[in-house]
Amino acid sequence: MNRVLWMLVLVGSGSYPSDGYCVEPTSRFAIAIHGGAGRATSSGEDQQKVLRQALTTGVEMLEAGQSSLDTVETVIRILEDSPHFNAGKGAVFNAQGTHELDATIMDGRDRSTGAVGGITTAKNPISLARKVMTDTRHVLLVAEGADKFAEQYAEDPRIQLVPNEYFSTELRKEQYERIKAQRKQADRDSMGTVGCVVLDIHGNLAAGTSTGGLSNKTFGRLGDSPIAGAGTYADNATCAVSCTGIGEDFIRNAVAYDISARMAYRQESLESAIADILSNKEHPVRGGIIAVNLLGDIVMQFNTDGMSRAAADSTGRLEIH
Ligand code: ASP
């Protein structure tokens, strides 16, 4: 559905004040989660279990009237705490044999954004990203400076600091050793980046993404996940988006923002905007995208063999792949 039509629906329902903040709750909500795009056709049993837990928690929060932003953060924390995803615990190794983590969170009400890149000690990068959004004048903090920023939250249970080895798992170590032996520069055969997009009952959209990046990536490399407009975007006027795949493709093509811009400027539907980007031969974008619009329409598309993903909404839809 195009933007003009949404506006009519929203104006008709009286739930979209001119300041962009929706206040009158409706009963409509929608949530989608990804656990990374890659070679496997769907997520394994271990991943599915955690996706179910994360989705159920998200649905409960939304039914209770909690905000899209809180829901995105809580859902991503669950995935970061699981060793089965390439985010938080279970993050891949970089070429130096350590972990550098990236995350972004974005609020569709006013495009407020917080992001961290190349961080090494915060157990839950998504929560540190949210602190950048709420507690600084900035959008993105990276590496040592971001690690230092985290240290001021010693009293805050949401910003726990851990030694870098906390993120290591046997599986990631094996993958890293194999990739190094094959002299591959960077590899993303292993799915696992996580993301979440939400429409809450107040009509507000939010998006978040968290990752360890590409296995054996060059020290200092940032992917699309900490770049608003590349791997993550949210705007109440259009959609909330989280991406997974070859980060460089998503940065070069400003993918998350392009989806929003196509909807705003060309009145494209969410679905066709994403399909067009993922099938573009001239400017290939390899990976997957989850997104939701203000009507609660969920789109989950990928051009890899598969994408670990889950979705639910207020009509009773509930699926895990
Ligand atoms: N997009 C992530 C990155 O390039 C990796 C992924 O989604 O698997 O850092």
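First listed ligand is number 1; within each ligand, the first listed atom is number 1.
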- Query: Is there at least one pair of N or O atoms, one from L214 and one from ligand 1, spaced under 3.5 Å apart?
  - Reply: no

- In ligand 1, which numbered atoms sit nearer than 4.0 Å to a non-hydrogen atom of T244? 6 (C), 7 (O), 8 (O)

- Message: Within a 6.0 Å radius of atom CD on E144, are there more than 12 heavy atoms belonging to other residues, nucleotides or ligands?
- Response: no

- Query: Could you state the interatomic distance from CD1 (I105) to CG (L69), rounded to the nearest 0.5 Å?
  - Reply: 4.5 Å

- ligand 1 contacted by E248 (non-hydrogen, < 4.0 Å): no

- Message: Using a 4.0 Å heavy-atom cut-off, which part of M307 comes near ligand 1: side chain, backbone, both, or neither?
- Response: neither

- Query: Is it true that D107 and R109 make a salt bridge, defined as a side-chain N closer than 4.0 Å to a carboxylate O?
  - Reply: yes

- Query: Does any N/O atom on D102 come nearer than 3.5 Å to any N/O atom on ligand 1?
  - Reply: no

- Query: Using 4.0 Å as the upper bound for N to carboxylate O, is an ion pair formed by D258 and R262?
  - Reply: yes

- Note on the structure: When rounded to the nearest 0.5 Å, the distance separating CG of L101 from CD1 of I119 is 5.5 Å

- Task: Under 4.0 Å from a heavy atom of G213: give me the atoms of ligand 1 that qualify, with their elements.
- Result: 9 (O)

- Item | ligand 1 N/O within reach of A37 N/O, cut-off under 3.5 Å | no

- Query: Closer than 4.0 angstrom: is that true for some heavy atom of G231 and an atom of ligand 1?
  - Reply: no

- Note on the structure: Note: ligand 1 atoms sitting under 4.0 Å from heavy atoms of T193 are 2 (C), 5 (C), 6 (C), 7 (O), 8 (O)

- Message: Check this for me - ligand 1, D224, N or O atoms closer than 3.5 angstrom, yes or no?
- Response: yes

- Item | Whether over 12 other heavy atoms sit under 6.0 Å from E248 CD | yes

- Distance, nearest 0.5 Å, that separates CD1 of I289 from SG of C243: 4.5 Å

